[in-house]
2 protein chains.
Amino acid sequence: MKSNKINSSKVTSVEVAELAGVSRWTVSRAFTSGKPISEEARQRVLLAAQQLGYKPNLLARSLSTHKTGVIAVVVDTFQNYNVMKLLDQLTAALQKHGLRALLINVIDEDSVADLVEHADQLQTDGVIFLGATLTGDFVSLASKIKRIPLVISFRDCNLSEPLVLNTDDYTAGRDISELLINGGALSFGYIVGPSGISTRVNRREGYEDHLKENGFTLDLVLSATNYDQFIAYEVFCDYLEKTTKKDRVDAIFCENDTIAFGVIDALRAHNCLGSIAVVGFDDISFAKSPSYNLTTYAPPVTELIELTVQAMLKDDVQSTVMKGKLVVRESHKRK
Amino acid sequence: MKSNKINSSKVTSVEVAELAGVSRWTVSRAFTSGKPISEEARQRVLLAAQQLGYKPNLLARSLSTHKTGVIAVVVDTFQNYNVMKLLDQLTAALQKHGLRALLINVIDEDSVADLVEHADQLQTDGVIFLGATLTGDFVSLASKIKRIPLVISFRDCNLSEPLVLNTDDYTAGRDISELLINGGALSFGYIVGPSGISTRVNRREGYEDHLKENGFTLDLVLSATNYDQFIAYEVFCDYLEKTTKKDRVDAIFCENDTIAFGVIDALRAHNCLGSIAVVGFDDISFAKSPSYNLTTYAPPVTELIELTVQAMLKDDVQSTVMKGKLVVRESHKRK
DNA sequence: CTGAAAGCGCTAACAT
DNA sequence: ATGTTAGCGCTTTCAG
């Protein structure tokens, strides 16, 4: 006897069909929009379903239709305000299209392939990489999951094989150089995040190229070993302690906002806030904090997210870089 | 002909069985640990599977086993550093147990019931609420999804019906009162977040009760209409502008860290940083920023997360509140 | 340890 | 518009 099961929710379409006095397949139709069914039959089915507490089992449906409506979203650097913003907007956009996000948290970088493979076995309809630092071999990864679309969002990846959707980092770097030059700076610095990572090189190249074209040079490159405010703080404190005001650069572009905060913290701690122009990248919400007032660059998040979702729905989306825009606040000004 | 399909990954257990020279059921066994199968047969199957690029379809498996290994994680306030931290640890913990998180982003509070119902139809094995502000009727919601476990984590909810796992907010409030009293404060304030929300009342009650027991009163209650740093900033600026130093409270406890940052921003903007003791709640990573150095209260995140995951695996977990601990930095000191 | 029958709950494609 | 056949790909009995 099936009533033996503890859980009472074992109502299937058969029972609904019996109660409604129709066939099982009519029940199926009643729950699928755009299928031919008389209004009367539909009402009968819906009523019967409600009485019995019937809800279609979407797993079984997926097994037949070969569509789950679930997209795997792979994230590596979770505790990062920018990632959070992206994840928020991405899940919202997916849901608006009736899709759901299966969140994959990459803790150990080596496990990416396994995690993605598992998602694939779960029959997800696509995979979206929202990685901040991931350096994995995407090409070989992509080949593992040919069955479904794979898109890499918000990271440099000079490949054409998997679909890549990203901010135009190169132009962004140029814009920032221009802002700083116009502000009267004569010497320039840059702080990179985790080094050896090729995901953000374009940003720096645009900055450096534009400086050179205008007769300047990149005089200082500092390296925070991670996208960590405190590491950046220490690195910049070190710089401040080893230099005198005369020797320091006039302006510094930070690979992202988090690093910029650390730089500003260091300047504040050394009582020389405002002596060096600081610019970040990402425009995370904290950037407008009155204690930082960070001038930064806002990636075209909404547009890229929309494109990312489109890539999951149709297969005619091409790899794209898109311009964002400068958000000019106070931190790039020198007093 | 099935080879008509564009996607080549249509390998099923039948083909593997043929190539390995065993039956289809033996293939199934080879991919399920703990099933009786001879080592030789398993090797043959695994080899054949590899050659054909076969991977079990987990959807079909779930349909048979009535287990998907997917847990719905419902979040309402996404762009909140604390939520991010919880989500990071939660997904990591779930994955460690072989489970995956289906992330549900509640944009419109009214849609919670529908979203959860959909997750239920997707046959998720459980639902975890990580809501910060959600005020929905959890009892009626819980009744909709009796089939699977539901747990409310990290929010007050004086109910016993759905499983509730939370920080001991009441005791935390008392601890903070004690810290501030010991610091010599004589007058006390509190800033609430979104009002009308009952999710954090215990925090305030513990604070107020302890103050009263020690002969003090809660002299000021300010209200930020949201967990937003800038709203808190404005609210506190307003307070500072309407009062003189003499009239102000000595200490203020903020419902969470984000609000505390706004308060500190306001104090800094009015050049009176250090004149009022400030304490936050959550210990988000930004709290240790050199520009804030926030004294705050760290919830027992790891422990509660572990309990949450346990609740998904077994059904003998009881509703629990757990003590966290005070993280004493600088912001509670007055100069 | 391995094979076979039956079925998980639904839907595509076709027939009526 | 509705009913029918034949599966989706795997696992659970239970027999051998």
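Numbered from 1 within each chain, the chains take letters A, B, ... in sequence-line order.
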* Check the distance between dT11(D)'s C1' and K67(B)'s NZ and give it to me in whole angstrom. => 15 Å
* **Whole-Å distance separating the CZ atom of R44(B) from the P atom of dC1(C)** => 15 Å
* To do: Answer yes or no: does atom CG of D108(B) have more than 12 heavy-atom neighbours from other residues, nucleotides or ligands under 6.0 Å?
  => yes
* For the atom pair NZ (K67(A)) and CZ (R61(A)), what is the distance rounded to the nearest 0.5 Å? -> 13.5 Å
* Asked: How long is the line joining CZ of R29(B) and P of dT11(D), in whole Å?
  -> 10 Å
* Report yes if a side-chain nitrogen or oxygen of S28(B) is closer than 4.0 Å to either non-bridging phosphate oxygen (OP1 or OP2) of dT11(D); otherwise report no. => yes
* Look at all strands and tell whether F31(A) reaches a base, only sugar-phosphate, or nothing, counting heavy atoms closer than 4.0 Å. => nothing
* Rounded distance in Å - CG (L59(A)) to P (dC8(C)) -> 14 Å
* Should S13(B) be listed as having a side-chain N or O under 4.0 Å from OP1 or OP2 of dC10(D)? -> yes
* To do: Return the value, rounded to whole Å, for the distance between atom CD of E18(B) and atom C1' of dG9(D).
  => 15 Å
* Starting from P on dG9(C), measure out to CG on L122(B) and report it in whole angstrom. => 16 Å
* Asked: Would you find a donor on one side and an acceptor on the other, under 3.5 Å apart, between the side chain of R42(B) and the backbone of A30(B)?
  -> yes
* N or O in side chain of S23(B) less than 4.0 angstrom from dT2(C) OP1/OP2 -> no
* Structure fact -> The answer to which of A41(B) and W25(B) contacts DNA chain C further toward the 5' end, by nearest nucleotide, is A41(B)
* Under 4.0 angstrom between S64(B) side-chain N/O and dG9(D) OP1 or OP2 -> no
* So, the side chain of S38(B) versus the backbone of A41(B): is there a donor-acceptor pair under 3.5 Å, distance only? -> yes
* Side-chain donor or acceptor of Q121(A) paired with backbone N/O of P56(B) under 3.5 Å -> yes
* T26(B) side-chain N/O to dG3(C) phosphate OP1/OP2 under 4.0 Å -> yes
* Could you check how far CG of L58(B) sits from C1' of dC8(C), rounded to whole Å? => 15 Å
* Asked: Is T12(B) near enough to dC8(D) that one of its side-chain N or O atoms lies under 4.0 angstrom from OP1 or OP2?
  -> no
* Starting from C1' on dG7(C), measure out to CG on L63(A) and report it in whole angstrom. => 12 Å
